[in-house]
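Written out below as structure tokens is the structure these notes cover.
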Amino acid sequence: MVNFGIELVYKDPDDGRQRFLLELEFIQCLANPTYIHYLAQNRYFDDQAFIRYLKYLQYWQRPEYIKFIMYPHCLFFLELLQNPNFRSAMAHPANKELAHRQQFYFWKNYRNNRLKHILPKPLLEPATMTTASFALPPVPSLSAVQGSSQMQYGINTGTTSVKNDQRITGIERKKRKFV
């Protein structure tokens, strides 16, 4: 082939959109421990080119790319796949099940754990902070505890308004108006 000073450069017809979508789809598949087990069983992790590809895919952790990821566990597993011990361990079905179970428990408790650490604790206002607000509640006497039923602890002993009682039927309301 004769080179006439023209540089042959590959021009992607869709400006890399297809490659972007394929890599995004693959990276999100890594959030599934069963898929990682499949890759390990089919010896993809023995191929050095595939290992280099996993290393290359770490660019998805940058902020300009991370916003496209729907399953954030894929980034956690991508980081773990950089370790050869993890790659070989995922070939065993018991480890796949363990990873799947741990992922399930994480998602099951994710909202509660996240809210526990994110939401600020309400601060007491300076006007309401007195020594009385930090006092312990009075301890009931033994005779009062023995004489009361356990069912009474959840019941408010104050007066209840008839309007707030949801158990009153329409007929009882009509009778009460005329009395």
Exercise for the section: Hydrophobic side-chain clustering at under 4.5 Å (ILVMFWY, transitive links): who's grouped with Tyr71? Put none if nobody. Expected result: Met70

Completion exercise
Residues at least two apart in sequence or cross-chain that pass salt bridge (Lys or Arg N to Asp or Glu O under 4.0 Å) with Arg19, listed by chain then number, are Glu23

Exercise for the section: Could you pull out the closest heavy-atom pair between Tyr35 and Cys29, with the gap in Å? Expected result: CD2-O, 3.5 Å

Handout entry: Sequence-distant partners of His73, ring-ring contact (aromatic ring centres under 6.0 Å, His included), two or more places apart
Key = Phe106, Trp107

Handout entry: Heavy-atom pair of closest approach, residues Phe77 and Gln103
Key = CE1-NE2, 3.9 Å

Handout entry: CG on Leu78 to CH2 on Trp60, rounded to 0.5 Å
Key = 11.0 Å

Problem - For Arg43, side-chain hydrogen bond (donor to acceptor under 3.5 Å, both in side chains) partners two or more places apart - result: Asp46

Handout entry: Which atom of Met90 lies closest to which atom of Pro33, heavy atoms considered
Key = CE-O, 3.7 Å

Problem - Pairing residues for Gln61 by the side-chain hydrogen bond (donor to acceptor under 3.5 Å, both in side chains) criterion, not counting sequence neighbours - result: Glu79

Exercise for the section: Give a yes or no on whether Glu64 atom CD has more than 12 heavy-atom contacts from other residues, nucleotides or ligands under 6.0 Å away. Expected result: yes

Fill in the blank from the handout: Sorted by chain and number, sequence neighbours left out, ring-ring contact (aromatic ring centres under 6.0 Å, His included) with Tyr59 holds for Tyr56, Tyr65

Completion exercise
Distance col, row Gln41:CD vs Ile36:CD1, nearest 0.5 angstrom, shows 13.0 Å

Problem - By side-chain contact (heavy atoms from CB on, under 4.5 Å) - contacts of Ile66 (at least two apart) - result: Leu75

Problem - Counterpart residues, side-chain contact (heavy atoms from CB on, under 4.5 Å), relative to Asn42 (two or more places apart) - result: Tyr38, Tyr44

Practice task
Count the heavy atoms belonging to other residues, nucleotides or ligands that lie under 6.0 Å from CZ of Phe76, then report whether that count exceeds 12.
Solution key: no

Completion exercise
Rounded to the nearest 0.5 angstrom, the CG-NE2 distance for Asn32 and His37 is 11.0 Å

Expected list for residues 47-54: side-chain donor-acceptor pairs under 3.5 angstrom, two or more places apart:
residue	atom	partner	partner atom	Å
Asp47	OD1	Ala49	N	3.3

Completion exercise
Contacts satisfying salt bridge (charged side-chain N to carboxylate O under 4.0 Å, His left out) that involve residues 87-105 (not counting sequence neighbours) are none

Handout entry: Which residues share a side-chain contact (heavy atoms from CB on, under 4.5 Å) with His92, sequence neighbours left out
Key = Asn95

Exercise for the section: Would you please name every residue forming a side-chain contact (heavy atoms from CB on, under 4.5 Å) with Asn83, sequence neighbours left out? Expected result: Asn85, Phe86

